[in-house]
Each structure stands twice: as C-alpha cells, then as structure tokens.
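All chains are named by letter (A, B, ...) in the order of the sequence lines, taking the proteins before the strands, and each is independently numbered beginning at 1. Keep in mind that what you see is a predicted model, and the values were worked out from it rather than measured.
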Amino acid sequence: MQILINGTIQGLLISLLAIGFSIVYNSTGIIYIAQGAIYTLSPFLLFSFIKVGIGIPIAVFFTFVITIFLSMSFEKINHWPLYKKEASPLIQLISSLGIYIIIVQIIVLIWGNETKVLRGGVDTTCNFLGVILTKSQIIGGMTGLLFIILFLIWLKKSDTGLMLIALSDNPVQLSLLGHDIVKLRLLTFVISGLFTTTAASLTALDVGFDPQGGLNAVLIAIVATIIGGKGSFVGPVMCGVLLGIVRSQVVWYTSARWEDALTFLFLVLFLFFRPQGILGSKGRIESL
Amino acid sequence: MVIINNEVDNDNTALSVSGLTKAFGGQIVLHDISLNLKQGEVVLLRGENGSGKTTLVNILTGNLEPDKGEIQLNINGNKENFSWPRQWWKEINPFDHFTPERLVWEGVGRVWQDIRLFPTMSTLENVMVSSPRQHGENPVLALISNKAKSENRQNEKISSEWLSKLGLGDRLDSSCDKISLGQMKRVAIARAIQAGAKILFLDEPLSGLDNSGISEVMKYLETIARESAITIVIVEHVFNIPTILKFASTVWTLSNGKVQINKAHEIMENTVNNGNHLHDLLRQIAGDKGTIYTEQLPNGAKLTVANTDSLKESQTALEVKDLVIKRGIRTVIDGLSLTLKAGHLYLLEAPNGWGKSSLLDVIAGIHPSESGRIILRGEEINSLPTYSRIKKGITYLRSQQSVFTSLSVEEQRRLAKTEGRLFGNTLNCKTKGGNLSGGEKQKLSIEMLPESDIYLLDEPMIGLDDEALKSFIKTVKNLIYKSKTILTAVPNVNFKREKLCCTIINNI
Amino acid sequence: MNYILHLLIYLDIYIIITLSLNLLIGYSGLFQLAHAAYYGIGAYTTALLMVRLGWGFIPSIISSIFVTGGLSLFVSLPAWRFRKDYFVILSLAMQVAIYSLLYNWIDLTNGPFGITGIPRPSIFGYQINTLFKMFSLSTALTLICGTIVFILLRSPWGRVLNAMRDDELAARGLGKNTRLFKVQAFFIACAMVAIAGSLYATYVSYIDPTSFTLDESILMISMIIVGGTGNFRGPIVGALTLIAIPEILRFLYIPDAIAANIRLLIYGLLIITMVHLRPQGLAGKYRFK
C-alpha cells in the first residue's frame with residue numbers, strides 16, 4: 001500500500017511533465033527535448049532566489065516568469081523560424097537537443113555540478129491511514145492532482161482548449177478558420193513551461209536536484225506520452241501515473257538501478273505492438 | 001497517330017480481382033470490385049476525383065491492403081494468390097507480406113503521378129538502380145565479387161542505351177530537374193520496365209504535359225506495348241481520355257465505389273464528368289444581364305468567367321502577378337498572372353497535375369511561392385501568414401483534409417463559429433470528423449467557411465448529392481450578388497459550353 | 001611530436017566513427033542517438049576478451065565486431081515498423097539503457113570502476129609498443145574502413161541506399177526491400193564503430209562507462225551535422241573540425257574544470273547554427289529537409 005501511494009504521487013509528477021511534453025508535441029509535432037532544460041533550470045533558479053532572501057512566494061513567482069519566458073523564446077527564436085522553412089520533425093528535434101545542451105552547460109558554469117537540496121534538513125512526516133508520507137510528497141501529490149484536473153477541465157470546456165486540440169489535429173485548417181496559430185503555439189510553450197517548472201520544483205523539493213537529470217526526466221515524459229497515445233491529452237496523464245506506480249514496484253522488488261531500463265523496455269514493447277499508444281488514434285493513411 | 005491493335009490473349013488472365021472492398025473511417029471507397037486483366041490488354045481506368053481510382057491502384061500495386069477480397073496474379077506462369085482478411089499466421093511470417101516490393105517481384109510496376117525520380121541521383125543512376133536482382137546489392141558481394149562488378153558495368157551499358165533511345169544520351173549525368181517533364185515521365189516508365197514490370201500501372205501519365213509532351217509519351221507507350229508485350233493500365237482524367245481511348249482496348253469506369261467494364265469502342269462520348277451542375281451554376285449567375293466568357297491558360301487550362309451584370313463596373317479584388325510555384329524540384333506554375341474582380345465567378349478548369357491546388361495554396365499562404373506577387377485590394381500580402389490573409393478577407397476550401405478528424409461536428413462548428421444552417425440537419429452533431437462519409441465531410445467543410453470577400457474553392461462539389469448541390473449553387477449565387485469574388489478550381493469537365501459562351505479569348 | 005601523433009590517433013578513431021554514423025544518418029535515414037553506446041560495447045567486448053580471457057587483438061576485435069553487429073540486429077530487425085521520429089526516441093532509450101547496463105552490471109563490466117590494464121595490441125607477434133606503431137595501426141584500420149565505405153557507397157548497394165534516402169516509397173515501388181537494406185546498413189555501421197571502440201580501448205588501456213555517455217553520442221552527431229552528410233568527405237570534415245575545437249581551446253588557457261563544459265556548449269551552439277544556417281553542413285551533399 002505504501003509503495004502504491006508512493007508510486008501514485010511520483011506518477012502524478014510524471015504526469016505533470018507528460019502534460020508539459022505532450023502539449024507541445026501534440027500541437028506542433030516537435031519532440032521537445034529542450035523541456036529538459038527547463039526542468040533542470042527551475043530548481044536552480046528557485047534555489048538562488050530563496051538564498052538571496054526575497055521570500056518563497058516571490059521566489060516562486062520569479063522562477064515561473066523566467067522559465068515561461070525562456071520556453072516562449074524557444075519557439076520564437078528556434079522552432080517557429082524552422083517551421084516557416086518547412087523543416088522536418090527531425091531537424092526540430094536536433095535543434096531542440098542543441099538548446100538543451102547549451103542551457104545545461106550554462107547552468108553548470110554558473111552553479112557547478114553538485115547535487116543541491118531545496119529544503120534545509122529532514123522532511124516532516126505524517127501518518128495517513130497507515131501510510132507514511134513526507135510533507136514534500138503531500139505538497140507534491142496535491143498540487144499535481146489539482147493542476148492536472150484543472151488542466152483537463154479547461155481543455156475540454158474552454159474555447160482555447162478546443163483550439164489546442166484542433167491545433168494538434170489539423171493546424172492548416174485551423175489557420176484557415178482565421179485562428180492565430182502563432183499565438184496558439186506560443187501558448188503551448190507557456191503551458192509546458194508552467195507544468196514543467198511545477199513538476200521540477202516539486203521533485204526537487206522531495207529528492208534534491210542536479211544539472212544532469214533533465215534528459216532522463218524528459219525521456220520518462222516521452223515514454224508516458226507515447227504509451228498514452230499521440231494526439232491524446234488524457235492518455236499521457238494516465239500513463240504518467242501508471243509509470244510512477246510501475247517504477248516504484250520495480251524499485252521495491254529489484255533495485256533502483258533497473259528503474260530506467262524497465263521503463264524503456266516498456267516503451268519498446270509498446271512501439272512494437274501498439275505504436276499509437278493506449279488512447280491514440282491510428283495515424284492517417286500514409287500519404288502516397 | 002498509330003492505332004495499336006493489341007493482341008489480347010484471351011486465355012491468359014494476368015490479374016484477377018474479386019470482391020475487393022475498402023473503407024476509410026465511415027466511408028466505403030471500394031465496394032465489392034471484381035475485375036479481370038488479360039495479358040496484353042491496355043485498360044483505361046477513369047472516374048471522378050474521389051471515386052476510388054487511386055485507392056484501387058494503390059491496392060493493386062501493394063501500397064494498401066483492402067479490407068476484404070482476393071487478388072490473383074498469373075504472370076509468366078507464376079501464380080500468386082492473396083486474400084483478405086489475412087489469416088493471422090500469414091501476418092507473422094515476415095516473408096509473406098503484401099508490400100509494394102513484393103508485387104514488383106511478381107511483375108507489377110507503377111509509374112507515379114508525381115513521377116518521383118530520385119532527385120539527388122543522375123538520370124543514368126535512376127535507371128541503373130531499377131535493375132532487379134543485382135548481385136552488387138548485397139554489401140558483401142559488392143566488396144569482393146568480381147562478378148558483381150562486371151554485372152554493374154553491364155548494367156551501366158544497358159541503361160545508357162535505354163536512355164539514348166529516349167533521346168537522353170547526352171543527359172546521362174544530369175540531375176533530374178534539368179530534363180523536361182515529358183522526358184522525366186519517359187524515364188519513369190523506363191525505370192518501371194527495367195525493374196521487371198509485366199503489368200504496368202500508370203497514374204495520370206499525361207498530366208501537366210503540353211501537346212508535344214503528350215505525343216512523346218504516347219509514342220513511347222505504344223512502342224512498349226508493341227515490343228515488350230506489357231499489360232498496361234492507365235489512370236487518366238477527363239482531359240486526356242480521348243487520347244488514351246485511341247490506345248486502350250478496355251475501359252474500367254469507377255463511380256461510387258463500383259466499377260463498370262466496357263470495350264473501348266463502346267465509349268462514344270465521354271459521359272463521365274458531364275458537368276451539368278456547373279452549366280446550371282454559370283447560367284444562373286449570368287441570368288439575363290450577365291456574360292460568360294472563357295480564357296485559355298497555358299498547359300491546357302481554361303478560366304471561365306461569369307458575372308451578373310455586364311454593364312456594372314467592378315473593382316479588382318485580387319491580383320496575382322508573375323507567380324512561379326515549385327513543388328519539390330518541379331516548377332508547377334511558371335509566371336502566371338490573373339486579375340479577379342468583385343462580383344464575378346471564376347471557374348478554373350485544369351487537368352490534374354496542372355497546379356490548381358498549388359495555386360490556391362499559395363494565394364492562401366499555405367505554401368510559399370518562388371517569386372511573384374499577390375495583391376489583395378491593392379495591398380501586397382506575400383509576407384503575411386495564412387491567418388492574417390484570412391482576416392483580410394480570403395477564405396479557402398481545400399480539396400482534402402478540410403475537417404478535423406478527432407473533433408465532433410458540434411465542436412467544429414463551435415470552432416468555426418457557425419450554426420450549421422446551410423445543409424439543414426443532415427449532419428449528426430456528435431459524430432467525429434474522421435467517421436463522416438466523404439459527402440458529409442464536404443458539407444461540413446463548406447459550412448465552416450468563414451464569411452469573406454474572396455472565396456477560393458478547390459473542387460467543392462465532390463461528394464455532394466443533388467440536394468446539397470442545389471443548396472451550394474444557391475449559396476454561390478447569393479455571394480456573387482453580394483459582390484463577392486469566387487475562384488473555383490475543378491478538373492476539366494465536359495459541358496455544352498457553346499450554348500453559354502459568347503467569346504473565347506486566347507491568353508497564353 | 002608525440003602530442004601530434006596522439007591527436008592523429010584520435011582523429012583516426014573519430015573518422016571511423018563518423019563514416020559509420022554517416023551510413024545510418026546520411027543514407028539510411030536512421031537518426032541514431034545511441035552510437036556512443038555501440039562504441040562502448042565494441043570497446044568493452046575487446047577489453048574484456050583481452051583482459052579476462054587473455055585473447056589476442058585480432059580475435060578480440062573480430063568478436064567485438066560480431067557482438068556489436070549482433071546487438072544492432074536486435075534493434076533493427078523489429079524496428080522496420082518505426083517512423084523516423086520514433087526511431088530517434090528508441091535510439092535515445094537504447095543509449096540510456098546500454099549505458100545503464102555498463103554502469104550497473106558490475107559483475108561483468110566492473111561498473112564505474114572500469115576495466116584497467118588493457119594490453120597494447122600485438123599483430124601476429126608484432127608488438128605495437130610505440131606511439132608511432134599505434135598510429136600506423138590506427139591509420140591502417142582507418143584506411144581499410146574508409147576504402148570499404150568508399151566502395152560500398154559507389155556500388156549498387158550504395159545506390160539503393162541513396163534512392164531509399166531520397167524517396168523510400170518509390171524505391172520500394174522499384175522492388176527494393178528497403179527493410180533489408182536498413183538492417184544491413186545498421187549492421188555495418190555498428191561493426192565499424194566496434195573497430196573504433198577496440199582501437200580506443202587498446203590505445204588508452206583503461207575504459208569506464210563515462211566515455212560512452214549520451215554526451216559522446218551528441219559529439220558524434222555534431223560531427224555529422226557540422227561536416228555534412230550524404231557523401232564521403234562530409235563526415236571527415238566534421239571529425240576534423242570537432243577534434244580541432246578542444247585543441248584551439250587549449251590555447252585560450254581555459255581552466256580544465258570548465259573546459260569540458262565550454263566544449264559541450266560550443267557543440268550545442270554549432271548544432272543550432274548549422275541547423276538554421278546551413279543544413280547541409282560544411283561539406284555535405286544532402287540537405288536535411
């Protein structure tokens with residue numbers, strides 16, 4: 001039971017990341033590796049702002065402002081110009097990788113390579129129905145759940161949400177209806193920045209952070225997205241939680257080393273047997 | 001033109017198809033098709049856009065699998081049988097898949113409508129690569145086997161001779177964008193035959209060609225039919241059908257997913273695509289006071305213009321100046337200029353491959369042009385993205401992919417801010433776009449068009465039933481009365497133009 | 001003089017690597033982010049055979065070729081269904097998985113402690129015991145690999161690969177079993193990178209997982225992007241350029257602690273610059289669309 005709850009909370013955080021990845025991937029087709037850069041950067045920013053002494057709420061605010069602004073700049077400076085040149089998804093991916101490398105190296109140059117923590121000292125725990133949870137876990141779990149629910153409701157009910165779903169379905173047709181897809185694409189990056197920073201900060205609160213974990217985190221988000229189904233928004237969320245649970249079970253029964261290996265095995269199996277994921281739609285007939 | 005009398009071998013059926021059915025989403029495209037192809041036959045496959053011609057060809061060349069049916073091949077005594085649904089053990093066997101390359105090995109070849117020569121390879125290499133069963137294609141043998149090397153040299157000699165016979169002896173090393181379209185098409189045909197095709201499917205081989213190009217390709221096809229005893233199936237569109245009819249022995253007509261088989265000499269008049277509704281449309285618009293006239297455009301296209309009142313002065317709505325459009329390495333439109341006035345209906349008739357959709361794509365901003373200007377009410381809009389042009393008064397109905405497959409009808413209307421009154425309640429609100437039939441998709445996309453000043457419509461009438469057509473024509477008429485401008489692109493049609501038109505202007 | 005030989009040996013190794021990666025990226029359309037992992041498998045196989053089992057260089061390198069090539073089959077045979085961008089993700093996953101294996105399977109690979117004491121090669125009794133002899137060996141192997149690639153690219157096999165890259169569907173429409181060609185290209189590429197890995201292992205005599213990380217794969221990709229792809233000399237130019245950069249850095253007196261980071265930063269900047277301004281690389285023929 002303990003493992004299950006641990007896994008679920010971990011899974012919620014993975015779902016946040018998966019939303020951050022899939023909203024860009026679904027809408028633009030970009031394999032958004034640079035999300036890892038935002039993931040890596042957020043805790044460091046938070047750390048420094050808190051250290052400077054401006055208080056936690058303001059530190060959080062500034063962190064979000066910077067990461068969201070940075071995410072938007074990825075689109076404005078890199079991805080949109082490439083889109084206008086009709087670049088292939090592969091080129092977009094390579095450029096995203098380049099961005100990731102550059103930002104992570106800058107982080108190392110500024111902050112150094114060691115692991116850091118966001119809270120001082122040992123975490124307080126509480127006992128909830130026989131399960132022991134740390135304060136970070138509780139904050140993480142509840143925030144994650146809240147954000148996810150709000151997001152899915154917004155997506156389904158609001159006009160903008162509908163436009164985002166349409167954007168991932170048929171962007172040309174959306175622009176032919178007169179909708180500003182430049183703004184919409186920027187919006188997806190903003191939402192991605194929001195969710196990624198949240199997930200990164202909550203995770204960092206729990207287990208600390210270092211400059212090297214970003215790519216791994218994005219990879220897990222990618223696994224959740226692909227297994228959940230391309231084109232679906234609910235799928236990645238569900239699979240995020242599923243992955244969290246599976247990974248905790250793996251750690252419990254074998255050891256932490258094999259966590260990643262099994263995650264990718266899962267991915268590979270899905271790509272073979274059901275490439276459209278659990279909830280995804282079978283792709284359009286290959287244009288001949 | 002020489003008329004070929006093909007020795008049709010009545011006892012030797014090369015390809016036989018029965019019960020072929022294929023559906024996409026909610027729409028049945030091919031309905032229980034049964035056909036027979038005898039060795040040496042030349043078949044014309046015709047049908048309107050959307051009738052399933054391309055799907056049928058894709059299936060017969062291994063690019064697509066049908067939902068149900070059977071295909072039997074009998075080439076050079078080699079019999080092969082495919083049937084669907086496939087048993088599960090056949091799916092697992094990696095050597096028994098229904099793929100394009102498998103069918104080429106059986107002797108079925110294909111020439112694509114957009115030709116698809118390999119752009120980074122020279123014409124010689126394009127032909128050399130097609131030779132089947134080259135020893136040098138095995139990497140180990142390529143390195144160590146002398147036999148592979150001499151085979152390669154032999155291949156080079158034979159391929160050079162092929163190309164010389166085509167008049168391309170001096171273009172062996174040039175890349176494919178430096179030869180004419182007609183030459184490209186003949187290289188593509190040579191390639192398919194070199195690869196071992198005994199049944200050759202040609203997808204609109206004459207599209208985009210001028211008269212000399214057409215006679216080049218036809219002469220080549222006739223030579224091949226005569227010398228190599230190859231069975232040929234030509235998919236062609238209205239415009240070029242008379243040319244093919246002189247060559248073909250049989251005609252397959254596809255309509256609404258069903259096929260009708262006739263002997264070529266039975267088809268006196270081209271009864272497909274009779275364009276009655278266009279005739280109606282033009283006549284209703286012109287009424288008593290308007291005029292209709294037709295301009296000739298390059299490469300076999302025609303622009304028919306109708307207005308409601310020939311005496312009324314009208315403003316220029318949209319201008320296109322010296323537009324050059326490329327698709328890949330091919331220049332599709334080379335310096336086209338048009339002037340569109342308010343309150344006029346423009347009918348652009350052109351064969352497939354001419355560039356109708358490319359032209360409309362460029363005006364709407366979906367595809368960039370190589371050079372040229374697009375001027376909307378005096379303002380140049382070349383640098384504006386699509387949605388800005390829409391806001392400035394252009395509306396575009398594409399011929400494909402014009403609905404959202406994962407959204408319901410209701411949601412799409414919400415997105416387009418329309419209330420769906422145009423076609424009454426014939427569309428179910430909850431159905432997802434991807435599950436609509438072709439006609440329903442078309443109705444939905446017409447409904448979703450934003451109100452505008454300039455309407456670009458790419459083949460808007462496909463799939464509409466009579467009721468829907470009447471509503472559509474009424475809508476178009478109302479728009480013209482409101483001084484809007486409509487440019488409609490359609491494939492070439494036959495209608496009694498002489499009864500309508502006063503003048504035919506040559507404007508090449 | 002010794003320093004220059006050292007540099008040239010590295011250049012040789014990377015030329016073999018880029019030639020092999022070019023077969024995948026520039027010809028088969030398989031964008032491989034796991035090349036460093038296969039490089040590592042090649043290195044570890046040779047190292048383990050020579051150190052633990054006492055095998056000579058030649059049998060070790062041959063085995064390493066087949067082990068790495070065999071591993072590639074594991075990936076390429078089932079991968080025929082994969083769309084291009086899924087293949088990239090898959091290769092990313094392979095890189096992480098293989099690295100994790102090298103790092104965590106301590107019984108086999110000694111984990112983070114690596115394998116020490118890898119002996120210098122001895123070819124039919126001729127001991128490679130000077131830097132110059134090592135250089136001769138590496139250059140000889142590079143020339144062999146280069147010749148093989150050169151002949152292959154001009155052969156009918158290479159022609160089909162070219163066609164496949166231009167338009168896979170049209171190539172299939174001419175009867176080419178593109179799946180088979182991809183599997184072959186993958187095998188050859190991995191076999192070749194195993195040669196590079198074996199050379200590396202016997203040259204530096206100590207290997208550990210940190211030489212075969214994703215960063216290393218990224219370096220290899222950068223060489224291809226900067227140098228250009230789709231022809232023979234693009235990758236060589238790429239290897240030259242990116243080997244030269246750390247050397248130039250040396251002259252700028254950048255402290256060692258951050259030299260690695262600056263180097264990676266430059267690789268990232270190069271990738272972005274090339275992708276935006278010159279997708280065909282410095283000397284390549286094929287323009288990445």
Side-chain angles (χ1 to χ4, degrees), chain A residues 25 29-31 33 37 77-78 81-82 85-109 112-113 211-212 215-216 218-219 222-223 225-226 230 255-268 271-273 275 283 286-288, chain C residues 25 29 31 33 74-75 78-90 92-101 103-106 111 169-170 173 213-215 217-219 221-222 224-225 257-258 260-276 279 287-289:
Chain A
Y25 180 55
I30 299 172
I31 296 186
I33 296 197
I77 300 179
N78 182 53
L82 286 177
K85 287 197 222 168
E86 298 185 326
S88 69
L90 194 57
I91 292 279
Q92 297 277 18
L93 183 150
I94 298 175
S95 67
S96 201
L97 187 60
I99 294 177
Y100 170 79
I101 298 171
I102 294 175
I103 294 193
V104 168
Q105 295 313 314
I106 295 180
I107 293 176
V108 173
L109 287 173
N113 230 332
Q212 305 303 331
L215 199 62
N216 220 27
V218 181
L219 279 179
I222 295 181
V223 173
T225 304
I226 292 188
K230 175 176 187 189
S255 89
R257 300 199 227 133
W258 301 115
E259 219 181 359
D260 288 335
L262 265 124
T263 308
F264 295 125
L265 187 63
F266 215 25
L267 172 69
V268 168
L271 283 180
F272 286 158
F273 293 113
E286 199 186 300
S287 52
L288 293 169
Chain C
I25 297 185
F31 196 79
L33 277 174
F74 216 38
V75 175
W80 60 273
R81 286 198 198 199
F82 289 170
R83 283 172 26 194
K84 272 195 182 155
D85 37 357
Y86 279 4
F87 182 81
V88 186
I89 297 175
L90 184 67
L92 203 50
M94 282 300 288
Q95 167 67 49
V96 175
I98 293 182
Y99 175 77
S100 168
L101 214 80
Y103 194 86
N104 290 315
W105 198 349
I106 299 194
L169 201 55
T213 61
L214 182 64
D215 287 345
S217 277
I218 293 173
L219 168 64
I221 298 279
S222 312
I224 296 278
I225 295 181
I258 60 169
N261 299 106
I262 300 278
R263 207 184 58 197
L264 276 172
L265 185 59
I266 295 184
Y267 294 153
L269 283 168
L270 275 173
I271 291 180
I272 299 265
T273 322
M274 279 297 163
V275 156
H276 277 260
R287 206 159 187 237
F288 268 117
K289 278 191 310 297

Which atoms of [X] are under 4.5 Å from chain A, going by heavy atoms: the side chain, the backbone, both sets, or neither?
X	result
Leu214(C)	side chain
Leu269(C)	both
Ile218(C)	side chain

Pick one of side chain, backbone, both or neither for [X], based on which atoms fall under 4.5 Å of a heavy atom in chain C.
X	result
Ile107(A)	neither
Leu215(A)	side chain
Ile102(A)	both
Asn78(A)	both

*asked:* To check you understand the geometry: which heavy-atom pair defines the closest contact between Val275(C) and Ser95(A), and what is its length?
replied: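 It is CG1-CB, 4.2 Å.
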*What are the two closest heavy atoms between Leu264(C) and Gln105(A), and how far apart are they?*
CD1-NE2, 3.4 Å
Heavy atoms, side chains only, cut-off 4.5 Å: are [X] and [Y] in contact?
X	Y	value
Ile101(A)	Asp215(C)	no
Leu109(A)	Leu265(C)	yes
Leu97(A)	Leu33(C)	yes

Spatial distance of atom [atom1] ([X]) from atom [atom2] ([Y]) [nearest 0.5 Å]:
X	Y	atom1	atom2	value
Ile91(A)	Met274(C)	CD1	CE	12.0 Å
Phe31(C)	Leu93(A)	CZ	CG	7.0 Å
Ile222(A)	Leu90(C)	CD1	CG	11.5 Å

